[in-house]
2 protein chains.
Amino acid sequence: MSDLLERLRGRGWRLTSQRRVVAQVLDGDHVHLTADEIHARAAERLPEISRATVYNTLGEMVSLGEVMEVSTDGRAKRYDPNAHRPHQHLVCSKCGTVRDVHPTGDLLAELPAAERFGFTVSAAEVTYRGLCPSCG
Amino acid sequence: MSDLLERLRGRGWRLTSQRRVVAQVLDGDHVHLTADEIHARAAERLPEISRATVYNTLGEMVSLGEVMEVSTDGRAKRYDPNAHRPHQHLVCSKCGTVRDVHPTGDLLAELPAAERFGFTVSAAEVTYRGLCPSCG
DNA sequence: TATTGACTTGGACAGCGTCCATCGTAGGAT
DNA sequence: ATCCTACGATGGACGCTGTCCAAGTCAATA
């Protein structure tokens, strides 16, 4: 059973079948799924679960810091259940696939082959996120 | 007159009034604008310019490497005319505003105050982009 | 100035995500 | 075990961002 689910329950979440299913789908995830993929997999177990619920549930998991959002440039966001372990992302510019990577040293240098997963890496970028003075 | 425009002209671009206006709007840009904002500003000078043309023109500038796309997590992409100078981005999670930053040393460390522009920075992330084995 | 292929137009369309009014239900109270 | 009620789920409408296409227009060359 899901670690994730245990952690959420511990935070006073009302446990519904929908939330349970979403957590289970995320839990076994090595690839990083889009909201629609998560919805499709969840619907295999709970046919009438709605898209809105999947979005709500994912959004809540993200704000609780249990799940991480990965935006893949124009495509659908992907959801990474690995929020507790620090890591970076390797994104395919064509299909949007995401892999976790754990680079060391100079982050803008080329990734070591062992971290490249067969990708042809063409760019590395650093983004800082926060609130600007007017939104702060 | 625009540097950007000169560079584009030098690459054999057919020069139209629409392209000229888009380049001019981008050129004076210290903030980073969305496609719609660029369209609005361009339309002040050339009222009947279409959205499609703005998108086409921006897309071409991006593939020529003259302009850089910045994706701001779910919101509209922003366009950065500063593509020739290496730099990273600081993005407001609420309104999507983007500033260029030039960090040195440990990229995941806190940004120095001089590079923070009044933002409250809460995260730094590194993204590697490329093609995965199946798309490669 | 005539020609022509590249560019522009605008409207339809698609993907991703949000919102809202309504209905259902988990979980505490009895 | 049953009741209550506030919180969650539903699904359909909506909005934003971006793409596509067929038809019309025009910059650049001869």
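In what follows, chains are A, B, ... by sequence order, proteins preceding strands, each numbered from 1. Given the structure is predicted, the values throughout are model-derived calculations rather than measurements.
Atom-to-atom, NZ of A/K77 to P of D/dT17 comes out at 13 Å; the value is rounded to the nearest Å. Between the CG atom of B/D36 and the P atom of D/dG18 there is a distance of 8 Å, rounded to whole Å. The separation between B/L15 atom CG and D/dC26 atom C1' is 12 Å, rounded to whole Å. Rounded to whole Å, the distance from CD on A/E48 to P on C/dT25 is 13 Å. D/dG11 atom C1' lies 13 Å from atom CD1 of A/I49, rounded to whole Å. When the P atom of C/dC16 is taken as reference, atom NE2 of A/H39 falls 14 Å away, rounded to whole Å.
The side chain of A/T57 lies closest to D/dA9, out of D/dG11, D/dA9, C/dG17. Distances from the side chain of B/R19 to the nucleotides D/dC20, D/dT10, C/dT8 place C/dT8 closest. Picking from C/dT8, D/dT10, D/dG18 the nucleotide with the shortest atom distance to the side chain of B/T53 gives C/dT8.
Looking at B/R14, its side chain has no donor and acceptor atom pair within 3.5 Å of the base of D/dA28.
Backbone-only contact: B/A76 has heavy atoms under 4.0 Å from sugar-phosphate atoms and none from a base. Looking at heavy-atom distances under 4.0 Å, A/R51 makes contact with a base. Nucleic acid contact class of A/T16 (heavy atoms, under 4.0 Å, all strands): sugar-phosphate only.
More than 12 non-hydrogen atoms from other residues, nucleotides or ligands lie less than 6.0 angstrom from CZ of A/R11. Other residues, nucleotides and ligands contribute only 12 or fewer heavy atoms inside 6.0 Å of the CZ atom of A/R9.
An OP1 or OP2 oxygen of C/dT8 is reached within less than 4.0 angstrom by no side-chain nitrogen or oxygen of B/S50. The side chain of A/Q18 places an N or O atom within less than 4.0 Å of a non-bridging phosphate oxygen (OP1 or OP2) of D/dT10. Contact between the side-chain N/O atoms of A/Y55 and the OP1/OP2 oxygens of C/dG17 is found at a separation under 4.0 Å.
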Tell me, with the steps shown, if B/T72 and B/H32 meet side-chain contact (heavy atoms from CB on, under 4.5 Å).
CA-CA 11 Å; B/T72 64; B/H32 297 346; over 6 Å; no
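Ring orientation note: the planes of B/H102 and B/H87 are tilted relative to one another, at an angle of 30° to 60°.
One distance of note links CG of B/L90 with CZ of B/F119; it measures 4.0 Å at 0.5 Å rounding.
Judged by closest nucleotide on DNA chain D, B/R78 is the one of B/N56 and B/R78 placed further toward the 5' end. Of the two residues contacting DNA chain D, namely B/T34 and B/S17, the nearest-nucleotide position lying further toward the 5' end is that of B/T34.
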